[in-house]
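Remember, it's 1-based here, ligands and their atoms both numbered in the order they're listed. Quick note: numbers below take in every heavy atom, side chains included, and nothing from hydrogens, waters or symmetry partners. Note that the structure is predicted; figures quoted are calculated from it, not measured.
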Amino acid sequence: TDFETILLDRKDRVGIVTLNRPKALNALNSQLMREVVAAVEELDADDSIGAIVITGSEKAFAAGADIKEMAPKSFAEVYAEDLFSQWDRLSSVRTPIIAAVSGYALGGGCELAMLCDFIIASDTAKFGQPEIKLGVIPGIGGSQRLTRAVGKSKAMDMVLTGRNMDAEEAERAGLVSRIVPAAELLDVALETAATIASMSLPVAIMAKEAVNRSFETTLAEGVKFERRVFHSTFATADQKEGMAAFVEKRAPQFKHA
Ligand code: HXC
């Protein structure tokens with residue numbers, strides 16, 4: 001497929017989507033939204049891909065939804081087109097997705113990062129939900145996912161003042177899993193993705209599904225769901241291989257089956 005606002009690469013079992021509107025700091029316009037969703041769904045459908053990395057440039061992961069495109073729209077238009085609902089398709093993707101964030105991740109940029117399974121940040125990363133400064137509120141899940149990630153107090157602070165968090169604060173708050181020097185960000189993200197992609201793909205999907213269930217259900221139901229899925233791992237060849245490899249003191253050769 002030909003894309004204009006993103007780059008799509010494959011490196012062994014890892015798919016890489018790079019947001020590529022440098023002149024607009026990767027602002028998320030409708031074309032970019034369509035292309036990111038299409039590229040990620042294409043990678044998700046590809047059995048030879050075991051993990052996906054979404055990244056931007058050193059200066060900006062993404063500086064938000066495209067304000068220039070959005071500004072003139074009427075209520076009737078945004079309501080009828082259900083503006084930004086297409087981004088929800090990323091939450092149905094089964095392959096693990098890492099956001100590798102350097103520079104600005106603001107508004108929709110922060111929300112896109114939070115739609116990924118986890119965030120690796122460079123030491124230059126800045127996260128924020130500045131929508132209120134434009135007279136709107138987050139519209140791609142920010143008020144919900146930021147609150148689940150960092151708790152009510154900090155989420156309210158961010159969403160009501162529109163201030164940015166630096167990488168240190170984001171790590172302390174649990175928004176990002178780790179911080180790495182900017183120059184190493186992509187290498188670390190790709191290495192991490194390659195590690196995930198080396199695991200059994202069906203089992204990695206089960207693990208992701210189990211963690212995500214914690215956001216949707218009670219603890220007792222979540223623990224029961226986990227146990228049922230844990231039991232199903234014993235139906236895979238990869239469970240037999242993984243445990244045999246441990247006993248035989250060798251590296252496992254997963255067949256993703
Ligand atoms: C459209 C954008 C943009 C955006 C930057 N640009 N962010 N265009 N939408 N979100 C464009 C600028 O207009 C400019 O284009 C070029 O990118 C470079 O940006 P500068 O502002 O010149 O760069 P700099 O001075 O380094 O400042 C960087 C910045 C600033 C602090 C990130 O660009 C900024 O504040 N951007 C907006 C951040 C924001 O409010 N995001 C939330 C959007 S709302 P020209 O043509 O002038 O060179 C959102 C809502 C989601 O995401 C859902 C609910 C509505």
Is it the case that [X] and [Y] place a side-chain donor and acceptor less than 3.5 Å from each other?
X: Q31; Y: T5; answer: no
X: Q86; Y: R89; answer: yes
X: T124; Y: E58; answer: no

Mark up the atoms of ligand 1 that fall under 4.0 Å of a heavy atom belonging to [X], in ascending order.
X: I137; result: 54 (C), 55 (C)
X: G139; result: 53 (C), 54 (C)
X: E111; result: 51 (C)
X: F84; result: 53 (C), 54 (C), 55 (C)

Evaluate whether atom [atom1] of [X] has more than 12 neighbouring non-hydrogen atoms of other residues, nucleotides or ligands under 6.0 angstrom away.
X: F234; atom1: CZ; result: yes
X: K11; atom1: NZ; result: no
X: R94; atom1: CZ; result: no
X: E81; atom1: CD; result: yes

Nitrogen or oxygen of [X] less than 3.5 angstrom from that of ligand 1:
X: G108; result: yes
X: A65; result: yes
X: P130; result: no

Determine, considering heavy atoms only, which of K59, K126, K68 sits nearest to atom 26 (O) of ligand 1. K59

For atom 18 (C) of ligand 1, which candidate among L83, L25, N26 holds the nearest heavy atom?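 Heavy atom nearest to atom 18 (C) of ligand 1 belongs to L25.
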
Do the charged groups of R34 and E4 touch, with an N to O distance under 4.0 Å? no

What I want to find out is whether E35 reaches R21 closely enough, with some N-O distance under 4.0 Å, to be called a salt bridge.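 Result for this pair is no, no salt bridge flagged.
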
Nearest protein heavy-atom contact for [atom]: which residue, which atom, what distance?
atom: atom 2 (C) of ligand 1; value: A24 O, 3.9 Å
atom: atom 48 (O) of ligand 1; value: K23 O, 4.5 Å
atom: atom 9 (N) of ligand 1; value: I67 N, 2.9 Å
atom: atom 7 (N) of ligand 1; value: A63 CB, 3.5 Å
atom: atom 34 (C) of ligand 1; value: L106 CD1, 4.9 Å
atom: atom 44 (S) of ligand 1; value: L134 CD1, 3.5 Å

Nearest-0.5 Å distance, OG of residue S177 to CD1 of residue I98: 8.0 Å

Distance flag for atom 15 (O) of ligand 1, protein heavy atom under 4.0 Å: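 Flag for atom 15 (O) of ligand 1 set to true, protein heavy atom closer than 4.0 Å.
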
Heavy atom of protein inside 4.0 Å of atom 54 (C) of ligand 1, strictly below: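 Given the 4.0 Å limit, the answer for atom 54 (C) of ligand 1 is yes, a protein heavy atom qualifies.
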
